[in-house]
Structures are given as C-alpha cells and as structure tokens.
Amino acid sequence: MILQANPGASYTAYQAEIDEVIQQVLTSGWYILGKEVKAFEEEFATYCGVNHAIGVADGTNAIVLALRALGIGTGDEVITCGHTATATIAAIEIAGAIPVLADIDPTYYTIDVEAVRQAITPQTKAIIPVHIYGQPADMDALLTVADEHNLPIIEDCAQAHGAYYKGKRVGSMGTVATFSFYPTKNLGAFGDGGGIVTNDPAIYEKLMALRQYGWEQRYVSSVAGFNSRLDELQAAILRVKLRYLDADNQKRRNLAAIYTDGLQQLAIETPQTRDQGEHVFHLYVTQVDNRDQVMVALREKGVGTGIHYPVPNHIHPAYVDRVRSVPDNLPTLIAATKRIMSLPLYPELSHNDAHQVVNAIREVL
Ligand SMILES: *Cc1c(COP(=O)(O)O)cnc(C)c1O
C-alpha cells in the first residue's frame, strides 16, 4: 500500500541523528524550555528570515497566543479562510473572538481577497490567511487590504514551512505567523509542537510571558497566561529535521512534478502554482469527477488517497448556523470539496512509487 502520508518514514530517514539527540536530552535532566528549545527558536527564526521565534505546544495554541498577544478577544471579529484545518477556527473561538469565514480563490484554494474585503466590519481586528497545501496566499493583495484598514495579518503557516512568496519566506510577511509541527507537516515533530514567529519585539515579549503562566519573572504572573510549551525532546528532533527541510521540500516538489507530468492528458486537474511563489507541496491536491469511486478504485490498486477536507468547516455541526461566511455558504469551496483528492506525498516516497500512482490513476480513469 502506498500511503498518502507517512511520518514514520522521516524517522527512518534520519534515525541515527534523531536517536542521538533523544539520548542527549534524556540524560541531560532538563525536559521543558531548555537549551534545545532556545537553539531551535534561534535556528527557526533565522530560517524564516525573522527576528524572533517562540516554541509552543501546538499549532492551535500558536494561533490563540498570537491573537492574545495582539490584544484580540471577546467580541472581536477575525477573518480567516473557510478552507482550512478546523484548528484555525477553533483557535479564534478559544481566544474569545468571532471567526468570519471567507471563500477561496478557485485556482489556488487560498483565501479570496475580494471576499476578505466584503467581510470587513468595524469589529474586524485581524486577518488570518492560510498558506493552504503549501502554497502561499496572495500576500501582496492581502497586505494592501490590511494596510487600508489598519489590520494585522497573522499568517497560518501550518502547511507551508519553508515556502516562498516573492523571495520571502512565509511567516516573514505578516505581523505574526504561526506554525504547527504535527508529525505529518513539512517540518514535523514526533508528538505535538507549534511555533510563532514575529519581527515585533513587543509582541515577542508578550508571547514569551503568555506561553508560561504569564510569567515575566519566575513564579510571578504579570498577565493571565497559559501553559503552552514546546518540550526539549521535540525541539531537539525539530533541530535535526530543520537542517533537511529545504531538501525535503525539494523532494516533495520533484514528486509533484512527476504527478503533474504523468497526469497531463487524463481527466484529472493537477494543482496550479503561483508564479510569484514557491509551493512546498504539503499536499498534492487534484480534482476529479466521481471522486469517491475513484478513491475506492485506487485503494484496490494499493494507492492511498485523502480528502483535505471532506466537509467545509462552516457546515460542521459545531459551526453550522453559527459562523458567518462571505459570500454566504462559500460556493467556490463547496464546489471544490466535492472533487478534491490528495495523492500520496511525503519526501521519502520513491519516484518509482510516484510513477506507480500515475499508472494506477491512468488505469482507473
Ligand atoms: C495542522 C494545522 C493547524 C493546527 O495545528 P495543530 O498542531 O494540530 O494544533 C492549524 N492550521 C492549519 C492550516 C493546519 O494545517
């Protein structure tokens, strides 16, 4: 079976180095917020081209903390894309704010900037674009809208570690940016982990306090905070994997090219990439008619596929009839949801297996 994602393969790929750092952390006697976290934060900030990075518990918490550091909470509206992991929307509500969901651009699946304009009200306090599937959102247009309305942008980079937009890394363009290090992400830990990056020293100081009980000084809370910490084991593992992130992203792009070439003449739409960006293919998402039958037929041929995501957030039982969407009911997202299908993609997938996926699709279609 060719799996759609395979985080275990990334352990095998770097096993000797990972085993070594795990042993070092375990024997060090220091397990939370120590020198591994500090070193990872410095290395990740440098990698993203920003001044500061903060390790936190996971990608959901990263968004909650970013909103809190910007002073956003009860009664405030935050615009994000309807097409995202539910985590983005959950985080806005955990912070006490109201999610407003904008539709997608039909070509790139990222947030529709015209819908963002329409969604803005006097209560709007931030915009959270999502670099979905590894492709940067239309940042120039978003930054223009944000500037016009004096709104901060929080980039949700959970699916796009290392992607570029006009030569800038994702995470370096917004006021703040958040990352998830969930095992299947482009930079994944072997457990939960998250990160926040910013160039703003005041936001950085706030985040450092917020992630640990609001402490500026040990055992004294200056603000009401959280417990949202990255642990030393995950930080040490992430430091190893960060060294290979650009190479791993290149492997993802090479596999994506095999798919795009191989599927050219078939009744399947392959993903479009923005000229100004560099896609890091967290997911390779196609569109196909009779998607559910195609997925079953591919499974019978030993090819695992996925749907990211099968039900749009605004019609989840938790949010239906409660969350505002712009335009109403997100028609472009609804149409795409019926046809999207993610093909197997992870850096360790062999080119041979990628060709086998192409052959299986050719036979099924
Ligand atoms: C994975 C993901 C998150 C949440 O990250 P967790 O680490 O699982 O909390 C947030 N936003 C997007 C777009 C994601 O893909």
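Values in this document were obtained by computation on a predicted structure and should not be read as measured data. We're numbering straight along the sequence, starting at 1.
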- Item | Test log, rule side-chain contact (heavy atoms from CB on, under 4.5 Å), inputs Leu101 and Leu330 | CA-CA 8 Å; Leu101 306 184; Leu330 312 182; 4.2 Å; yes
Residues that [X] engages under ring-ring contact (aromatic ring centres under 6.0 Å, His included), provided they are two or more places apart:
X: Phe190; value: Tyr11
X: His282; value: none
X: Tyr259; value: Tyr284

Exercise for review: Check the surroundings of atom CZ in Arg322: do more than 12 heavy atoms from other residues, nucleotides or ligands lie under 6.0 Å from it?
Suggested key: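 Yes, enclosed.
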Is the OH atom of Tyr108 crowded by more than 12 outside heavy atoms at less than 6.0 Å?
->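 More than 12 within 6.0 Å, yes.
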* Which residue pairs satisfy the ring-ring contact (aromatic ring centres under 6.0 Å, His included) criterion with at least one member in residues 289-324, sequence neighbours excluded? ->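 Pairs touching residues 289-324 that pass the test: none.
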Residues two or more places apart in sequence or in another chain: which of them pass salt bridge (Lys or Arg N to Asp or Glu O under 4.0 Å) with Asp292?
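By the salt bridge (Lys or Arg N to Asp or Glu O under 4.0 Å) rule, Asp292 matches no residue at all.
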- Partner residues of Arg324 under the salt bridge (Lys or Arg N to Asp or Glu O under 4.0 Å) criterion, sequence neighbours left out: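 Only Glu77 meet the salt bridge (Lys or Arg N to Asp or Glu O under 4.0 Å) criterion with Arg324.
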| query | Is the shortest distance from a Lys or Arg side-chain nitrogen in Glu216 or Lys206 to a carboxylate oxygen in the other one below 4.0 Å? | reply |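 Looking at Lys206 together with Glu216, the answer is no, because their closest N to O distance does not fall below 4.0 Å.
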If the threshold is 4.0 Å, N to carboxylate O, is there a salt bridge linking Arg211 and Glu41?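 Glu41 and Arg211: salt-bridged.
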Residues which pass side chain to side chain donor-acceptor pair (under 3.5 Å) with [X], listed by chain and number, not counting sequence neighbours:
X: Lys301; answer: Glu363
X: Thr86; answer: Asn313
X: Asn290; answer: none
X: Glu43; answer: Arg239

For this session: Give the minimum heavy-atom separation between Val294 and Leu365, together with the two atoms involved.
Result: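 Val294 and Leu365 have their closest heavy atoms at CG2-CD2, 4.1 Å.
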inquiry  = Please give me the minimum heavy-atom distance between Phe179 and Cys157, naming the atom from each residue.
reply    =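 Scanning both residues, the minimum pair turns out to be CE2-CB, 3.3 Å.
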[Y] and [X] side chains, donor-acceptor separation under 3.5 Å:
X: Asp248; Y: Tyr14; answer: yes
X: His131; Y: Gln159; answer: no
X: Thr110; Y: Arg274; answer: yes
X: Tyr47; Y: Asp246; answer: yes
X: His279; Y: Tyr164; answer: no
X: Asn254; Y: Arg252; answer: no

Q. When Ile, Leu, Val, Met, Phe, Trp and Tyr are grouped by side-chain heavy atoms lying under 4.5 Å apart, directly or through other members, which residues fall in the same group as Met1?
A.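 For the cluster that includes Met1, the remaining residues are Leu3.
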* Apart from Ile120 itself, what residues make up its hydrophobic cluster, given side-chain heavy atom links below 4.5 Å? ->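 Besides Ile120, the cluster holds Ile79, Val100, Ile111, Val113, Val116, Ile127, Met139, Leu142, Leu143, Val145, Leu151, Ile153, Tyr165, Val170, Met173, Val326.
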ask   = Is there a path of hydrophobic side-chain contacts, each under 4.5 Å between heavy atoms of I, L, V, M, F, W or Y residues, that connects Ile196 with Phe44?
value =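 Ile196 and Phe44: separate clusters.
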Would a hydrophobic clustering, with Ile, Leu, Val, Met, Phe, Trp and Tyr connected at side-chain separations under 4.5 Å, put Leu70 with Ile94?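 Yes, Leu70 connects to Ile94 through the hydrophobic network.
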_If we ignore hydrogens and angles and just use 3.5 Å, is the side chain of Glu232 paired with the main-chain N or O of Val37 as donor and acceptor?_
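The answer is yes, because a donor-acceptor pair under 3.5 Å joins these two groups.
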Measure centre to centre between the rings of Phe281 and Tyr133, then say whether the value is under 6.0 Å.
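Between Phe281 and Tyr133, the centre distance exceeds or equals 6.0 Å.
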Could you give the distance from OG1 (Thr337) to CZ (Arg339), rounded to the nearest 0.5 Å?
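Reported value, rounded in 0.5 Å steps: 12.0 Å.
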